[in-house]
Structures are given as structure tokens and as C-alpha cells.
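Some notes on the structure that comes next.
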Amino acid sequence: MINTKRSLLAAIVSISLMGCSEPTQHAQPSVSAPTAQDAKTFLENAQRDIAKMQTPAAHAEWSYATNINYDTAAVSAYFNEVLSTKVATLAKEAAQFNDVDVDDDTRRQLNLLKNGLTMPPPSNPEQAERLAKIGSELSAMYGSGQYCREDGTCKSLVEMSGEMATLRDADTLLEYWQGWREVSKPMAPLYAEQVTLANKGASELGFANVSELWRGKYDMSADAFPKELDRLWSQVEPFYESLHCHVRAKLGEHYGEDIVPQDKPIPAHLLGNMWAQTWGNVYDIVKPEQEMQVPDVTASLNAQGYDEVKMVKQAESFFSSLGFEKLPESFWERSMFQKPEGRDVQCHASAWDLDDKDDLRIKMCIQKTGEEFNVIHHELGHNYYQRAYKDQPLLYRGSANDGFHEAIGDTIALSITPKYLKQIGLIDEIPDASNDIGMLMQVALDKIAFIPFGLMVDQWRWKVMAGEVSPEQYNQLWWDLREKYQGVMAPVARDNDAFDPGAKYHVPANVPYTRYFLAHILQFQFHKALCDIAGDEGPLNRCSIYNSKEAGEALNTMLEMGMSQPWQNALETLTGSPQMDASTIADYFAPLKTWLDEQNENRQCGW
């Protein structure tokens, strides 16, 4: 996953925030009930104060990310605490207008401010402090976690994940899988306490619980949103089942059907990934037997003398071909394209907008590979989205819903097809369509295999936060959902005190996950709409919108809206429909689906 640094406000409200029991200038005691004009004045003052604070906080965070040391850590932590406390306080104060009759625009801004909190702190100072401490403890448990063998040798998550990508020994894979989940076991009581405290904070904001708060961020009722997700999943499920059937059969041939039974879910440790969320690392086991002609972009980049900056310049030219203005000169002066000598940095690729206006940057330790070439296009997609909505009010500077930002980056990456690579001179000829099966298989193992995992993580959290299951049932619910949606099972029996959800970073870090499910649906819908606008009449998987000013104009119209209107309106401006639609996935992968059905003809599918 690529993290997006679209604005500091967006980053701040996605973490557990410190509470503040003192009233501020925006919530002075009044003898009369608050009015609609009071709400407007409150929002004006709130956005002005946040704007003053978030730019220096963003610079401090950038300094820390690109030069990790004691001092930059201290400064970044200080600014984050100050800003997060202010945002938490303002969110609480916004709740005083819950029953005030205000216009739609004012209500939208109040809701965005109030709904921005992820784990809302209670107003009780001791409980707020305890909530913040639990969040820090959970993050520390995950960040410092490692698996240590009996001989005293220890392995980090990064080391184990790297080995699991290519390791084909079932016993060692199981050892790593079980070893990492020992790290999360002590998290269980802390997580349950955290849910209790955050639910108190949510009730003070006017929500039944944190589950309702999270589900209510999507311009529809909190009860309707999960049904919408299941509707989308039903459109993808037949293709996923075909992919699952083929992968299980091939894993059974490789490991033996005693390890991979052909009538049960796939054991979770055999899919090349610590969480079985993407399956691209087992491509060598499940790929088509016929030889495929796949463009070697890495070799072409090196042969043509591409360095890190030239790779970014080429990605910029993609957007220029769509009619977007070139990136500001400050982008080239201030971005980090390579790991600097002599200092520690966060190499994880991310796109930044430090002043909510024009100070756009990317942070990457670019490797001269085809994969990184795709990532650069993806990251610039975030930057151009950030610039498009810069003139909106502060609370509207973000993606239409939290799935749009990632979807835009991925949509652009879908246009890096052989057609585009030939147009920019990185390959000499476009392989014929008989080679598409291998490419589509690689894409499906990452993107389609991920979709049910992207769906079930928050399905689990919503039930937990709503109190539908007790802490003793947390782990059982986790595996019930994984079997239901993914057809993946725990490779060994799990004890009642296990807390396997905590083995996934986003759970102890309280990062909402539905955004990734939505992004994986929306990117194909966006791609189809843009290809239609560009007039590309070929197969969807071969389309590139490069050089289409019409596609660029349509895309920018949607991007400029930011969060100013319900996401349904933004979606309709580009696709002509206000409804998310996963049927375009079937169009994109049609050749692979035909091939999979042929392979599965005499197999028992399902679980």
C-alpha cells in the first residue's frame, strides 16, 4: 500500500487524538442556544486556526521523515500533539451544533470536522490520557515486535516477509506465521479497553459508538454503507472464486493435498504474504505454463540511461499530456528522490502537500525498476489531486471519500500499458494479446486477491466497536470473516487468547481499512470512464489515456471538487453514474476469466 500525505489535517485526524477539557475561544458559554450564524462563525474561526498550525507542523513532520534523529523526532511530536489536541477539541465543539438548523454546506463542514476523529477521546482528562497511552503502547508493541527462536536468533517482520515471498517450505512458513502472531497476543486486553474508552468519546459526539462514526463517513446512513460494500463484493465474487480455485489447485499440486485440501479454504501461510492479503509472490506456482513475452521495463530504463529524476520527469510528462500544468520548481528542489547518504529516512513512498497550496513533494528512495516507475506515476496522481482541490475551504481539501485518493494513483498506474511504454520509447513493439494472460494474472493476484481482505478488516472492527462480540470472541470472528470472504483459514487451531487481527499494522494503529477496498473498486471504474472519454476502443486492459486532453479535463473536473460535495456527485461527474460499479473489473480481466474457467473445468471450486 502507498500512504498518502495529502494534508496534515487529514493525517492528524486519522490517529488517536489527545483530549482537551478546557473550552476555547470558539465555544464560549452562552445564555442562548447556538444559532446557524454561530455555526458559520465557529467554522470560519476553526479553519483559520487549523491553517495557522498545520503548515509548521507539516514542515516538522517532513523534516523528521527525511532526517530521522532525536531532535527532528521531538519537534515533530510536539507539533503533532499541539495540532491534534486542537483538532480534537474543535471536533467536540462542533457537536454543539448537532441540533441547529443550518444550510447543507455548513452541515457538511461540521460533519467533516466531527467525523474526522478516528478514536475520539472522552472529555474526562484521565480517560483521554489513558486512551492516548493505549494507542502509543499498541503501536510500540507492533513496531518493536519480532519473532525469536529457541536458539536466541530473532527475525523482524521485514525479514520474515522477505523470506515468505520466495520460501516454499511449508514448515518454515508456518513457523514464521505463528511466530509473528505471538507479538499481537498481549494486545488483546489493551484493544478491548481502547474500544470502551473511544466509544465514550463517540457518544459525546452524538454517535452510538465508534462503529457508527466510522460507517457514517460516506454520505449515506451508517447502516446502509455495509450493505453497499456487500453489493460491490457480490459483483467481484464470481471472478475471485475462479482465481481462488486455480490458486488452490496449483498450491495443492505444489505442497500436496494433505497440506492444501481441495474442498476447504486455503491455509493462510502459503500465499507468499504474512497476511495472505495479496498473492503476487506465488505467481511462479500459479502462472500459465506457456512462455509469455513481458516487456522488461527495468532493463529498458537502465539501457536508456534513466536516473531517478528522469523517471519522475517522465511521469510528470504523462500528466502534462493530459493537459495538467507542470509541477512547480519547488517540487524538484524539495522532494526526496534518493536515500541521502549518512542519515536515516522513511523510504516508504508517499506524496505530500505541505501548505495545502503549492508546496507539493514526493518522498521516495527510488530504485531504477519497472515497479518503481509505476509507483512514481501513482504518487504524482496524489500530488495532482492535492493541487486540484487547493482552492477549496480547508475542510474540503481531501478526496471525495477516503477511497478516491488511492484510487486516483492506481488509475494512473493502470495506464502504464505496453501501448504507453511504446509511445515513450521504452519498448520497441507491443506484445500481441496472447501475452496478456500472464500480465493479467500478475495484476489479479495483487489487486483481486486483496479485495475481500480489504472488505473484511473493517467488517471485523465495526462489529467489535459496536459491541456485537465480546473480547473472548474477537479472534473467532476474525477467522469466521476471513473464511467467509477470502476462503482463507488459519493453518493451525488458534487459542481463545490469540489476537490475530493485531498482527496487521492497521488494527493496532487504528487506520481505517475500507478505503483500500473502495480504491480497488473505483480505480477500474475510473479507468473505464477515462478510456471511453479518450476514445480508446481496444481491450480495457490495454488502454492508456496518455495524450488525451479530453480525459485529463474530465479527470480534473472531478479532482477539483475535493470533499465539497458528496462523493456520489464527484463520481457522477466522471463516470456519468453516482453509483460505484465493480462490473468494470469483469471487463478488464475478461481474457483471464475465460482462461481460468478452462483451467477449472474439472476442479471442485468453492470452500
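Model, not experiment: these values are computed from the prediction.
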Check ion pair R461-D458 (N to O, under 4.0 angstrom)
yes
Test ring-ring contact (aromatic ring centres under 6.0 Å, His included) applied to F404 - qualifying residues, sequence neighbours left out:
F526
So does G272 get a backbone contact from the side chain of N281, meaning a donor-acceptor N/O pair under 3.5 Å?
yes
Residue pair L592 / A444: nearest heavy atoms and the distance that separates them:
CD2-CB, 3.7 Å
Hey, are the side chains of Q392 and E560 touching, using non-hydrogen atoms and a 4.5 Å cut-off?
no
Would you call the rings of F337 and F331 parallel, tilted or perpendicular, where under 30° means parallel and over 60° means perpendicular?
tilted
Would you call the rings of Y588 and H527 parallel, tilted or perpendicular, where under 30° means parallel and over 60° means perpendicular?
perpendicular
Are the side chain of K363 and the backbone of H348 linked by a donor-acceptor contact shorter than 3.5 Å?
yes
Is T278 reaching over with its side chain to a backbone N or O of D446, donor-acceptor style, under 3.5 angstrom?
no
Parallel, tilted or perpendicular: which describes the rings of H377 and Y420, with under 30° parallel and over 60° perpendicular?
perpendicular
Checking K313 against W332: charged group under 6.0 Å from the ring centre and within 45 degrees of the axis?
yes
Looking only at side chains, do N541 and D436 share a donor and an acceptor under 3.5 Å apart?
yes
Between the side chains of Q386 and N383, does any donor sit under 3.5 Å from an acceptor?
yes
ring-ring contact (aromatic ring centres under 6.0 Å, His included) test vs Y240 passes for just one of F589, F450, W233, namely W233
Student check: side-chain heavy atoms of I362 and W352 closer than 4.5 Å
no
Quick one: does P328's side chain get under 4.5 Å of R387's, heavy atoms only?
yes
Answer yes when K419 and D536 have at least one side-chain N-carboxylate O distance shorter than 4.0 Å, and no when they do not.
yes
How about P566 and R108: do any of their side-chain heavy atoms sit closer than 4.5 Å?
yes
Heavy-atom closest pair (A529 atom, L574 atom, distance to 0.1 Å) is CB-O, 3.8 Å
Donor-acceptor side-chain pairing of N69 and T72 below 3.5 angstrom
yes
Is any NZ, NE, NH1 or NH2 atom of the basic residue among D358 and K390 found under 4.0 Å from an Asp or Glu carboxylate oxygen of the other?
yes
Go through the steps for V75 and Y64 under the test side chain to side chain contact (heavy atoms under 4.5 Å, CB included), then give the verdict.
CA-CA 8 Å; V75 174; Y64 172 66; over 6 Å; no
Are side-chain heavy atoms of C543 and K528 found at a separation under 4.5 Å?
no
Heavy atoms of S300 and L426 approach each other most closely as OG-O, 2.7 Å
When rounded to the nearest 0.5 Å, the distance separating CH2 of W180 from CE of M160 is 6.0 Å
Spell out, as yes or no, whether a donor-acceptor pair under 3.5 Å connects the side chain of Q304 to the backbone of G425.
yes
Can you see whether Q47 engages Q109 through a side-chain donor-acceptor pair at a distance of less than 3.5 angstrom?
yes
E372 versus T369, side-chain donor and acceptor atoms under 3.5 Å:
no
Just by modelled atom types, is the D219 backbone N or O under 3.5 Å from a matching donor or acceptor in the Q568 side chain?
yes
Measure the shortest side-chain to side-chain distance between L555 and L559 over non-hydrogen atoms and say whether it is less than 4.5 angstrom.
yes
Please determine whether the number of non-hydrogen atoms from other residues, nucleotides or ligands lying under 6.0 Å from atom OH of Y78 exceeds 12.
no
Where do K114 and A94 come nearest, in terms of heavy atoms and distance?
CB-CB, 4.4 Å
Going by an N to O cut-off under 4.0 Å, is there a salt bridge joining D359 and R334?
yes
Could you verify whether a donor N or O on one side chain and an acceptor N or O on the other, from Q523 and D410, lie under 3.5 Å apart?
yes
Is the cationic atom of K310 (NZ for Lys, CZ for Arg) positioned less than 6.0 Å from the six-membered ring centroid of Y306 and within 45 degrees of its normal?
yes
Is it the case that Q442 and K287 place a side-chain donor and acceptor less than 3.5 Å from each other?
no
With salt bridge (charged side-chain N to carboxylate O under 4.0 Å, His left out) as the test, would you mind laying out the steps for D391 and K357 before giving the verdict?
CA-CA 8 Å; D391 294 327; K357 288 294 180 185; 3.7 Å; yes
Side-chain donor-acceptor pair under 3.5 Å between N556 and Y384, yes or no?
no
Which of these passes side-chain contact (heavy atoms from CB on, under 4.5 Å) with D402: R515, M563, K217?
R515
At their closest point, which heavy atom of L213 faces which heavy atom of L117, and how far apart are they?
CD2-O, 3.2 Å
How close do Q146 and S156 get, counting heavy atoms only, and between which atoms?
CB-CA, 4.3 Å
Side chains of P578 and W567, heavy atoms from C-beta outward: is any pair under 4.5 Å?
no
As a test of understanding, state which of I533, L530, L414 forms a side-chain contact (heavy atoms from CB on, under 4.5 Å) with I545.
L530
To the nearest 0.5 Å, atom CG of L327 lies from atom CZ of R361 at 13.0 Å
Return yes if some donor-acceptor pair links the side-chain N/O of H378 with the main-chain N/O of I412 below 3.5 Å, else return no.
no
Heavy-atom distance under 4.5 Å between the side chains of T118 and V210, does that happen here?
no
Please name the residue in the list Y513, W275, Y516 that meets the ring-ring contact (aromatic ring centres under 6.0 Å, His included) test with F453.
Y513
